[in-house]
Amino acid sequence: MERHFEQELEKLKKRILKMGDLVGAQVHNSLEALLTCNNELAQQVIGFDTEVDKLDVKIDKLCQRIFALTQPVATDLRLIMSALKINNDLERLGDLAVSISSKIEGISDYKEILAGLKMADLAQMADLIVKDMVNLLNNQNTSMVRDIFLSASAIEDRVNIATGHILEEMMHKSEVIVVATNLTIILTQIERISGLCTNIAESVVFIVDGRMIKHDKTFRGSFVSDNEQKEE
Amino acid sequence: MKQPKIQTRELSLFYGEKMALNSISMDIPEKEVTAFIGPSGCGKSTFLRTLNRMNDLIPFVKITGEVLVDSLNIYDKQIDVVNLRKKIGMVFQKSNPFTKSIYENVAYGPKINGIRERKKLNEIVETSLKNAFIWEEVKDRLYDSAMGLSGGQQQRMCIARALAVEPEIILMDEPASALDPISTAKIEELIFELKKNYTIVIVTHNMQQAARVSDYTAFFYLGELIEFGKTRKIFTTPDNKQTEEYITGRFG
């Protein structure tokens, strides 16, 4: 006899995955719009945000209903607690995609700055970490978490270098200050994208293993050594 | 809300001079589960028993108002109470198997209704036990005494017995309160399945159970209907402060 409760959990999982797919596409399109200075695509991203918001509310309501009506425990409780948090993180990823899209106007006149920042590489890394996060949500294979953390670390390094580069530009060319300020914000937002992906990876670890690794400063190191031990 | 199967109109009930139900008006939807919750003595079981005239058996009871089932007032003089209770089955807190075999327990109602053909009775017994999710557990011992079943099995067999006379409505008065968590979960899943074909009304002290199994919830207090609505609404954002305080355990 299948528990009726299972149907509710399946519905929740499907909605989270749908949210992951939608937000993944939003981030991808916003970065594509940035690199190609495609204002039309940027406007599409901005316009589509209402769909993301609607699904966000739907997932929150479903979680509220499951909490109130089914009193989940153990793995079920972890799943629903985490679903709320993952949903929130995904919605914020969607907001970042919108924010990036709203700042690309005027950048087309300064494509050489984008090239100097190696923005194409950075965008590709951000796109990849989001794809990995969506895959992790889908297959819950926590061995992928290590890669997500390593990617986030690499993105952070690249953002720091690019930020330094852009400050240089601003000091020497006052005419680029407006666009360079927007690019600095975009860089911060790309870093936030990777940060939210690691948050979501932490939530998946909590669902699967029951380990609460957020704020665990030793986690990255221990995780890497765990994996090395396994490989041995 | 779906088409109402049961409607009460300003239904009041008195035990002698004491008012136990005060002008209850409610539409109970067809093929949904409706739960009655409230503290002890609030009138929820009394109200349940008005829905198939079980209170007729209690002396000094006076009832005013109406109970309409499929738009017919069941308290009209021309209503045949035996036929009414065929249409409205009931399951009690304590399972009450007859001291007969499992087969005889389930076949009892159809036999009373004049069904004698063995093949037909076999079909009814099998279908009823299957619909009550107990067939697999008892199919090899149908002629053993029902008293040998566990408490949870006895309760599901009693539900099969209620189903055997093909009711349209099933009233359940604390059907799982005497059962362990696993048997309770089976009864709850059974209720969920049964609502596809039957209108179910359940009284429960267990608020979590009401939340899990029902589509609609009615909260009673001191013989009054305080709030009635969709369960998902009652248990997330009730309109009434008393309902909120009761379901959050602040009083009752």
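What you see below is based on every heavy atom in this structure, not just the backbone, and it leaves out hydrogens, waters and symmetry mates.
- Heavy atoms of other residues, nucleotides or ligands lying less than 6.0 angstrom from NZ of B/K230 number 12 at most.
- Heavy atoms from other residues, nucleotides or ligands lying under 6.0 Å from CD of B/E137 number more than 12.
- Other residues, nucleotides and ligands contribute only 12 or fewer heavy atoms inside 6.0 Å of the CD atom of A/Q124.
- Here the straight-line distance linking atom CZ of B/R232 with atom CD1 of A/I66 works out to 10.5 Å at 0.5 Å rounding.
- Side-chain contact between B/R212 and A/Q71 is present, with at least one heavy-atom pair separated by less than 4.5 Å.
- In terms of heavy atoms, B/A211 sits closest to A/A68 at CB-O, 3.9 Å.
- Applying the 6.0 Å contact sphere to CD of A/E105 captures no more than 12 heavy atoms from other residues, nucleotides or ligands.
- Of the listed residues (B/Q208, B/Q209, B/E188), the one with the most heavy-atom contacts under 4.5 Å to chain A is B/Q208.
- If you measure heavy-atom distances from B/F235 to chain A, the contacts under 4.5 Å come from both the backbone and the side chain.
- Heavy-atom distances place no part of B/S214 under 4.5 Å from chain A, backbone and side chain included.
- The environment of A/K85 atom NZ is dense: over 12 non-hydrogen atoms of other residues, nucleotides or ligands sit within 6.0 angstrom.
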